[in-house]
> 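Pasting in a structure now, in structure tokens, and then I'll have a few things to ask.
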Amino acid sequence: MSRNPLLLGSYATIIVLWGATQVVLVPYVVHLMMLVTAILYAACHRSLSLREEIPKKGEEGYDPDHVRDTMKAEDAYQFPLVGSLSLFSLYIAFKFLGKEWVNLLIGGYFGIVGCGALTLTLSPLTAKLLPASLQDTKLGFKKKIEHPLPSWILPTPLDVGMEFTYADLLAFVGSAAI
């Protein structure tokens, strides 16, 4: 992990803003601009790892489990379908569920997404706090699931898995507590 002062400053800004808004009234424009700038800088810095070359099969350092996610044309073709289904499901939810249930569902969704975003933001910081022996330990699972849908909708079998470190786990517990 680099010792980039701007990256450390963006992490500090996120933490200080979170703490300050608990006790001091911060104008929302100032809060929004500072928080968005800090989060964007941290996220863009984290995405720089996508520019690194991954060793190919037969080269030194090749790892068959390390796959880079990139967008393909098939993924782009699904955007209108997913967007339409999302809007239609929101319409159905407002039509058949009460306002309270819809607010509960949307609040739960944003809570889960926010917890995930905060976990990814805090994970590099928690990695620096852990001893070196725990930083390299990988945890997780991988499973293949058969499903009845046609292969043009979802590839068969569906690969489901998760891989994380102790730093990720500690960051998730911290973000869930917040």
Side-chain angles (χ1 to χ4, degrees), residues 10-11 13-50 65 67-126 139-165 167-178:
S10 67
Y11 287 137
T13 301
I14 293 168
I15 292 169
V16 167
L17 272 175
W18 177 80
T21 56
Q22 303 299 315
V23 292
V24 178
L25 185 61
V26 178
Y28 72 93
V29 174
V30 173
H31 182 265
L32 184 69
M33 293 304 289
M34 289 179 69
L35 195 61
V36 166
T37 304
I39 290 172
L40 280 175
Y41 185 82
C44 289
H45 192 273
R46 289 280 307 242
S47 71
L48 289 176
S49 66
L50 295 176
D65 292 331
V67 178
R68 181 177 291 164
D69 290 332
T70 56
M71 187 181 297
K72 301 177 190 76
E74 296 84 26
D75 299 332
Y77 296 149
Q78 290 178 357
F79 277 157
L81 180 65
V82 171
S84 298
L85 287 174
S86 299
L87 288 174
F88 182 69
S89 64
L90 193 59
Y91 168 76
I92 294 296
F94 273 114
K95 182 128 176 113
F96 294 110
L97 298 175
K99 183 175 106 174
E100 297 80 20
W101 281 101
V102 173
N103 284 337
L104 180 69
L105 289 172
I106 291 174
Y109 169 77
F110 279 115
I112 291 169
V113 169
C115 186
L118 193 55
T119 298
L120 291 175
T121 303
L122 294 178
S123 179
L125 185 63
T126 56
L139 307 168
F141 65 91
K142 199 172 219 181
K143 185 173 178 149
K144 291 185 184 276
I145 299 176
E146 297 291 333
H147 58 81
L149 296 174
S151 62
W152 59 272
I153 294 177
L154 279 176
T156 303
L158 188 61
D159 289 329
V160 177
M162 181 180 284
E163 186 178 281
F164 51 92
T165 63
D168 297 332
L169 186 61
L170 184 63
F172 174 75
V173 169
S175 65
I178 291 175

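Every heavy atom of this structure was used, including side-chain atoms; hydrogens, water molecules and symmetry mates were not.
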> Show, in sequence, the C-alpha distance, side-chain angles and deciding distance for Ile14 and Thr121, and conclude whether the side chain to side chain contact (heavy atoms under 4.5 Å, CB included) test is met.
CA-CA 9 Å; Ile14 293 168; Thr121 303; 3.7 Å; yes
> Which heavy atom in Phe164 sits nearest to a heavy atom in Gly140, and how many Å separate them?
CE2-CA, 4.0 Å
> Could you report the tightest heavy-atom contact between Ser10 and Tyr41, atom names first, then the distance?
OG-CD2, 4.0 Å
> How far does CD of Glu163 sit from NZ of Lys142, to the nearest 0.5 angstrom?
8.0 Å
> Take Trp18 and Leu35 through the side chain to side chain contact (heavy atoms under 4.5 Å, CB included) test and state the conclusion after the steps.
CA-CA 9 Å; Trp18 177 80; Leu35 195 61; over 6 Å; no
> Counting N and O atoms only, with roles assigned by atom type, does the side chain of Thr126 sit under 3.5 Å from a partner on the main chain of Ser123, one being a donor and the other an acceptor?
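Side chain of Thr126 to backbone of Ser123, a donor-acceptor pair under 3.5 Å: yes, one is there.
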> Check whether any side-chain heavy atom of His31 sits under 4.5 Å from a side-chain heavy atom of Leu17, and report yes or no.
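Yes, their side chains come closer than 4.5 Å.
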> How many angstroms lie between NE2 in His45 and CG in Leu40, if you round to the nearest 0.5 Å?
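Those atoms lie 14.0 Å apart.
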> Can you list the residues that meet the side-chain hydrogen bond (donor to acceptor under 3.5 Å, both in side chains) rule with Lys143, with sequence neighbours excluded?
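Listed in chain order: nothing, the list is empty.
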> Which pairs would a plain distance check flag for residues 170-178, meaning a side-chain donor or acceptor within less than 3.5 Å of a matching protein atom at least two apart in sequence or in another chain?
| from | atom 1 | to | atom 2 | distance (Å) |
| --- | --- | --- | --- | --- |
| Ser175 | OG | Cys115 | O | 3.3 |
| Ser175 | OG | Thr119 | OG1 | 2.8 |
| Ser175 | OG | Ala171 | O | 3.2 |
| Ser175 | OG | Phe172 | O | 3.0 |

> Name each donor-acceptor pair under 3.5 Å that joins a side chain in residues 89-103 to protein atoms two or more places apart or in another chain, with its distance.
| from | atom 1 | to | atom 2 | distance (Å) |
| --- | --- | --- | --- | --- |
| Ser89 | OG | Leu85 | O | 3.1 |
| Ser89 | OG | Ser86 | O | 2.8 |
| Asn103 | ND2 | Lys99 | O | 3.4 |

> Report the distance from atom CG of Asp168 to atom CG of Leu139, rounding to the nearest 0.5 Å.
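Taking CG in Asp168 and CG in Leu139, the distance rounds to 9.0 Å.
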